[in-house]
Amino acid sequence: MNKTIKLTASAHYIPKKLVTNQELSQIMDTNDRWIQQHTGIQTRYYATKQNTSDLGSEVAQQLLKTSGLTAAEIDLIIVATITPDSLTPATAVLVQQKIGATKAVAFDVSAACAGFIFALSTAEKFLRSGQFQHAMVIASEVNSKMLDFQDRKSAVFFGDGAGGVLLSTTTDSNAELFYGEKLLTKPAPEVIHSGRIPVIKQIAAGQYPQLDAFYQDGHAVYDFVTNNVPRYLKNFLTEQHVTAKQIGLVVPHQANLRLIEQLSRQLEIPLERFAINVTKIGNTSSAGVAIGLDQALKAGKRPKYALLTGFGAGLAFGACLVNLFGENN
């Protein structure tokens, strides 16, 4: 018998340091007008004293407080991130340690801006197995630590933040969160990449590991999103036997406002049904969807059909159709 999975709690956390377009224009050749015209982004936030696990732990603590569960009751912690504290141990393990979830299994998922969708999908399979009852799915990013502030085509887009949900099994079939999902990858490693580690050139005392900064080919990303993502989403909705008119909420990856506007037009779903936070907090990579979902729920938006979608480096794409009407039932 399949387990029913419900959304028990949601949360998000934004670091304190507000960074305006004007501030960025002081260190690179750009300006507020250009940034807003091309991206819609007005401000973003940087974590100057916190790392990725710190932001994720803030979300985890909120999830525990809202749900009323103790850390010892959490079975599974999955953190989606492309800006981990370290390659190992996993950022999820650090979150586990910081909240005292001694009985949990913890690991990371790396799927760039589609990471939260991939992590949701992974958690859903674990919970269906019957071996797990409560799972934290957190997307946490400190993009600022990976930016090249001489690359004005990339640096102006990104901000830091974290969001997440707590999923639980239940006997109430009316509370089922998931309708369906679609995940796919289309290998294009040169379009978006970050943290590449070169092999050694020689065995020498001066040899030391190096990482490269975040890079994206903006035009290629735009082409992928406008030419592929709407088609993927339309096919997905058709597979789920749901029309665009039935979608009460879309929580997309917060790439930039212009791409979200393109999705609205091509999907023929009014922009007012889209959760949008990119204008105030920038592109927070995998965290944007998680943050947007929590913001929508706190604003009282709980439709029967909500579409969550993320897309980014890989190139990776993920979509999830969920029932928010039964949230917390």
Side-chain angles (χ1 to χ4, degrees), residues 1-11 56 59-60 63-64 66-81 90-93 95-96 99 101-111 114-139 163-185 232-233 235-242 249 251 286 289-290 293-294 297 302-310 316-329:
M1 181 178 178
N2 285 338
K3 294 286 184 178
T4 296
I5 300 172
K6 70 173 182 176
L7 176 58
T8 301
S10 65
V59 170
L63 293 174
L64 291 177
T66 301
S67 67
L69 295 173
T70 66
E73 293 178 278
I74 304 303
D75 305 300
L76 177 66
I77 301 173
I78 303 177
V79 171
T81 186
T91 299
V93 172
V95 172
Q96 175 189 16
I99 67 171
T102 56
K103 297 179 181 179
V105 174
F107 60 90
D108 291 354
V109 166
S110 177
F116 183 63
I117 306 300
F118 278 57
L120 277 178
S121 173
T122 304
E124 183 255 347
K125 308 302 182 298
F126 273 76
L127 292 171
R128 297 279 189 214
S129 74
Q131 298 181 55
F132 301 83
Q133 186 176 359
H134 302 293
M136 283 185 175
V137 182
I138 298 170
V165 295
L166 198 157
L167 306 179
S168 303
T169 57
T170 178
T171 57
D172 181 6
S173 60
N174 293 321
E176 175 61 50
L177 176 65
F178 294 96
Y179 289 121
E181 65 177 31
K182 183 179 183 68
L183 307 177
L184 59 85
T185 53
Y232 294 157
L233 290 172
N235 291 341
F236 172 61
L237 292 179
T238 298
E239 292 167 1
Q240 298 301 314
H241 307 290
V242 174
L249 174 68
V251 188
S286 69
V289 175
L293 176 59
D294 181 51
L297 288 169
R302 293 178 171 83
K304 182 178 180 180
Y305 294 110
L307 176 64
L308 316 180
T309 182
F317 166 84
C320 190
L321 187 66
V322 297
N323 167 28
L324 298 182
F325 185 76
E327 187 260 345
N328 273 338
N329 287 342

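Of all non-hydrogen atoms in G310 and I117, the two that sit nearest each other are N-CG1, 3.7 Å. Heavy atoms only, all atoms of each residue included: A175 and T4 are closest at C-CG2, 4.3 Å.
A135 meets the side chain to side chain contact (heavy atoms under 4.5 Å, CB included) test with L76, A123, L127; sequence neighbours excluded. Considering only residues two or more places apart in sequence or on other chains, Y305 meets the ring pair (Phe, Tyr, Trp, His ring centres under 6.0 Å) condition with Y179. When the side-chain hydrogen bond (donor to acceptor under 3.5 Å, both in side chains) test is applied to T309, no partner is found at least two apart in sequence or on another chain. Qualifying side-chain hydrogen bond (donor to acceptor under 3.5 Å, both in side chains) partners for T185, counting only residues two or more places apart in sequence or in other chains: none. Residues satisfying the side-chain hydrogen bond (donor to acceptor under 3.5 Å, both in side chains) test with Q133, not counting sequence neighbours, are none. Listed by chain and residue number, nothing satisfies the salt bridge (Lys or Arg N to Asp or Glu O under 4.0 Å) test with D108 (two or more places apart in sequence, or in another chain). Applying the side chain to side chain contact (heavy atoms under 4.5 Å, CB included) rule to A114 yields the partners F118, A316; only residues at least two apart in sequence or on another chain are considered. For A139, the side chain to side chain contact (heavy atoms under 4.5 Å, CB included) test picks out A80, F116, S286, A287, A290, with sequence neighbours left out. S121 pairs by the side-chain hydrogen bond (donor to acceptor under 3.5 Å, both in side chains) definition with K125, E181, not counting sequence neighbours. By the ring pair (Phe, Tyr, Trp, His ring centres under 6.0 Å) test, F132 is found to be paired with F126, residues two or more places apart in sequence or in another chain being considered.
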Intermediate values then yes/no, side chain to side chain contact (heavy atoms under 4.5 Å, CB included), H134 and L166:
CA-CA 7 Å; H134 302 293; L166 198 157; 4.3 Å; yes

Please determine whether side chain to side chain contact (heavy atoms under 4.5 Å, CB included) holds for the pair K6 and D172, giving the CA-CA distance in whole Å, both sets of side-chain angles, and the decisive distance to 0.1 Å.
CA-CA 9 Å; K6 70 173 182 176; D172 181 6; over 6 Å; no

Begin with the C-alpha distance, continue with both residues' side-chain angles, and end with the deciding distance and a verdict on side chain to side chain contact (heavy atoms under 4.5 Å, CB included) for L297 and R302.
CA-CA 6 Å; L297 288 169; R302 293 178 171 83; 3.9 Å; yes

Candidate pair T8 and L167, rule side chain to side chain contact (heavy atoms under 4.5 Å, CB included), full reasoning
CA-CA 6 Å; T8 301; L167 306 179; over 6 Å; no

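Here the OG1 atom belonging to T170 is positioned 11.0 Å from the CD1 atom belonging to I5, to the nearest 0.5 angstrom. Note that CG of N323 is 9.0 Å distant from CG of N174, once rounded to the nearest 0.5 Å. Distance check, rounded to the nearest 0.5 Å: CD of Q96 to OG1 of T91 gives 12.5 Å.
Of the listed residues (L7, D294, L177), just one forms a side-chain contact (heavy atoms from CB on, under 4.5 Å) with V165, and that residue is L7. When the options V137, V289, I78 are evaluated for a side-chain contact (heavy atoms from CB on, under 4.5 Å) with L120, the one that passes is V137.
Contact check for I77 versus I99: side-chain heavy atoms found under the 4.5 Å cut-off. Inter-residue side-chain proximity for F317 and L233 is flagged as met; some heavy-atom pair is nearer than 4.5 Å. The closest side-chain heavy-atom distance from V95 to V59 is not below 4.5 Å.
Looking at S67, its side chain does come within 3.5 Å of a backbone N or O of L64 through a donor-acceptor pair. For Q240 (side chain) and L321 (main-chain N/O), no donor-acceptor pair under 3.5 Å exists by modelled atom type. Judged by distance alone, the side chain of R128 and the main-chain N or O of K3 form a donor-acceptor pair under 3.5 Å.
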